[in-house]
Amino acid sequence: MNLKFKNRIAIFNTIAVALTTALVFIVIYSVVHKTAYSHLDDDILIEKEDVFSNLNTTNNSIIINKMPEWDEAEHREVEVNPTFLQIVDAEGVVIFHSANMMKDQILYNPKIETESFFDSELNKQPIRLGQFPIKNDKNEVIGQLTIAIPQQESINILNNLILVLLIAFPIVLFIQFLASWFAASKSIEPVNELIKTASGIGDSNIGTRLSLPVRHDEIYVLTQTINDLLARIETSIVQQKQFTSNASHEIRTPLAAIRGTLEVLIRKQRDPEFYENKISEIISQVDRIDTLLEQLLQLARLESGVAISKCENVELEALIASLTHKWKESATTKNITIQIDIPKSYTMVGDRLFMEIILNNLVNNALKYGNQNGIVSIQIDANTLSINDNGMGISIAQLPYIFNRFYRTDESRSSTIKGNGLGLSIVKKLCELQNIVIDVESKEGEFTKFTLHFTGKKS
Ligand code: ADP
């Protein structure tokens with residue numbers, strides 16, 4: 001059943017109140033019932049005391065003394081709250097009955113030896129009956145005194161009570177349902193308001209935020225959570241737009257350079273050396289586009305979640321040794337010494353290919369941004385691997401942004417050092433996939449140190 005929230009709350013509340021009210025009503029009825037009957041039994045006991053005080057016994061005979069009170073109306077007339085008395089001897093012969101019984105006889109149990117109370121009927125009228133054995137001096141039962149009081153009055157009271165409770169029950173439930181429904185409608189109102197505003201937010205007005213309620217309740221927290229979510233979506237949309245514009249800019253720049261060079265070439269006939277120079281310029285621009293596309297593809301794969309990190313034991317010393325030939329050319333050109341200090345047996349748990357890309361990017365950066373005749377060191381310390389260079393460094397202001405896509409510091413942008421600002425964002429993503437924490441320390445003009453903290457098993 002697809003019930004609305006407010007109806008569901010109202011129904012749950014009503015069921016709970018129905019159960020509670022039913023329980024309370026049952027308790028009320030039981031208490032009144034017990035009180036009414038114990039009241040009858042008390043009356044019978046008083047009457048019994050009265051009768052016994054006027055009885056004498058000798059051996060097997062019961063002697064009834066004069067009991068003037070028996071002439072009272074309650075014993076003579078049937079109408080006024082009558083009390084019926086009956087005394088039988090051991091043979092079951094009625095030796096006395098009150099006048100109001102006329103020819104009727106109260107049924108009794110001759111075998112009873114202790115006082116007992118029953119519900120019974122006299123002349124088709126419900127009665128409460130107390131039976132008291134009459135005993136002689138030897139404690140032998142020589143007769144039975146039976147006292148009966150009509151129950152009609154108690155039955156009427158109980159019937160009236162049932163009627164009142166049965167009428168009150170649905171009324172209580174109905175009022176409770178209305179109250180719960182109203183309260184639930186009022187409570188759900190701000191949520192409906194949220195739904196209305198939130199459903200009106202799209203790409204075009206993603207900057208819109210839901211207004212926070214005055215009270216600091218769950219709705220407040222919900223609104224705040226939705227606002228935080230909207231802020232994250234907005235950031236991601238902005239980043240996406242920024243990414244697209246940066247990517248097109250990065251592609252357009254080398255394309256424009258290629259076009260310019262080609263235009264120069266076709267303007268007039270040149271000597272072969274000029275052609276060679278210009279063509280190698282074009283090749284280097286094509287390489288630039290190629291590298292950019294390669295990195296964009298890598299990022300797209302990482303972002304889409306298809307790339308899954310393997311969990312293998314990677315011997316870092318062997319891995320780095322296999323990569324050094326790639327770094328040799330730039331190191332030699334700038335006369336940079338690469339110092340590697342990694343124990344042969346050192347193993348980290350991660351993905352070999354991912355580690356290769358990370359190390360390549362970080363060491364290439366250290367070589368690119370390192371000083372002429374400088375030193376690039378690769379070191380292991382406990383469960384960290386650091387790559388250090390004594391190059392241009394990064395200012396504190398720019399440090400937080402270097403892992404952003406397409407971000408390049410002002411210094412590297414204005415220099416002739418080639419790059420597109422994608423390498424570190426790829427490194428960051430690959431580290432996340434392997435649960436490696438990466439951080440960077442740097443001082444402008446002095447050094448830059450990238451540290452990888454391996455959180456997985458290592459030996
Ligand atoms: P790029 O292709 O520009 O090198 P990266 O994403 O690898 O892109 O690096 C982003 C920026 O971070 C670089 O442009 C540079 O400004 C800065 N950077 C990275 N590594 C170093 C380093 N070792 N020394 C100084 N600056 C660095």
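Predicted model, so just to flag it, every value in this text is computed and none were measured. Whatever order the structure lists them in is the order used to number ligands and atoms, beginning at 1.
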Q: Inspect the contact between Lys278 and Glu263 and indicate whether a charged nitrogen and a carboxylate oxygen are less than 4.0 angstrom apart.
A: no
Q.
Is there a polar contact between ligand 1 and Ser425, counting only N or O atoms under 3.5 Å apart?
A. no
(Q) Nearest 0.5 Å, please: how far is CD1 in Ile251 from CG in Leu293? (A) 5.0 Å
**Q.** Contact with ligand 1 for Phe403, non-hydrogen, under 4.0 angstrom
**A.** no
Q.
Out of all atoms in ligand 1, which are within 4.0 Å of some heavy atom of Phe450? Include the element for each.
A. 20 (N)
Q: Specify the protein heavy atom at minimum distance from atom 3 (O) of ligand 1: its residue, its atom name, and the distance to 0.1 Å.
A: Arg408 NE, 2.7 Å
Q. Judged by non-hydrogen atoms, does Asn420 sit under 4.0 Å from ligand 1?
A. yes
Q | Geometric class of the Phe403/Phe450 ring pair [parallel <30°, tilted 30-60°, perpendicular >60°] | A | perpendicular
Q.
Tell me the nearest of Asp389, Leu422, Leu362 to atom 23 (N) of ligand 1, using heavy-atom distances.
A. Asp389
**Q.** side chain to side chain donor-acceptor pair (under 3.5 Å) contacts in which one or both residues fall within residues 192-207, not counting sequence neighbours
**A.** none
Q: Would you mind listing which atoms of ligand 1 come within a distance below 4.0 Å of any non-hydrogen atom of Lys368?
A: 1 (P), 2 (O), 4 (O)
(Q) side-chain contact (heavy atoms from CB on, under 4.5 Å) for Glu446 and Asn390? Distances and angles first, verdict last. (A) CA-CA 5 Å; Glu446 286 190 22; Asn390 53 353; over 6 Å; no
Q. In the protein, which heavy atom is nearest to atom 7 (O) of ligand 1, and how far is it?
A. Asn365 ND2, 2.8 Å
Q) For ligand 1, is there an atom lying under 4.0 Å from some heavy atom of Gly391? A) no
Q) Does at least one non-hydrogen atom of Glu411 fall below 4.0 angstrom from an atom of ligand 1? A) no
Q) With under 30° as parallel and over 60° as perpendicular, where do the rings of Phe132 and Phe117 fit, or are they tilted in between? A) perpendicular
(Q) If I apply the N/O under 3.5 Å rule, does Gly421 come out as touching ligand 1? (A) yes
Q | Top protein contact for atom 26 (N) of ligand 1, by heavy-atom distance | A | Ile394 CG1, 3.3 Å
(Q) Salt bridge check, Arg288 against Glu250: does any charged N sit closer than 4.0 Å to a carboxylate O? (A) yes
Q. What residue and heavy atom of the protein are closest to atom 11 (C) of ligand 1, and at what distance?
A. Tyr407 O, 3.6 Å
Q: Report the distance from atom CG of Leu362 to atom CG of Asn388, rounding to the nearest 0.5 Å.
A: 11.5 Å
Q. Under 3.5 Å between some N or O of ligand 1 and some N or O of Met392?
A. no
Q | Which residue and heavy atom of the protein sit nearest atom 5 (P) of ligand 1, plus the separation | A | Leu424 N, 3.6 Å
Q | Nearest-neighbour protein heavy atom for atom 4 (O) of ligand 1, which is reported as residue plus atom name and distance | A | Tyr369 OH, 2.7 Å
Q | Carboxylate-amine/guanidinium proximity below 4.0 Å for Arg405 and Glu303 | A | yes
Q) Can you find an N or O of Gly393 that's nearer than 3.5 Å to an N or O of ligand 1? A) no
Q. Within a radius of less than 6.0 Å around CD of Glu432, do more than 12 heavy atoms belonging to other residues, nucleotides or ligands occur?
A. yes
Q) Do the rings of Tyr29 and His33 sit parallel, tilted or perpendicular, given the 30° and 60° boundaries? A) tilted
Q.
With heavy-atom distances below 4.0 Å as the criterion, list the atoms of ligand 1 near Ile402.
A. 10 (C), 12 (O)
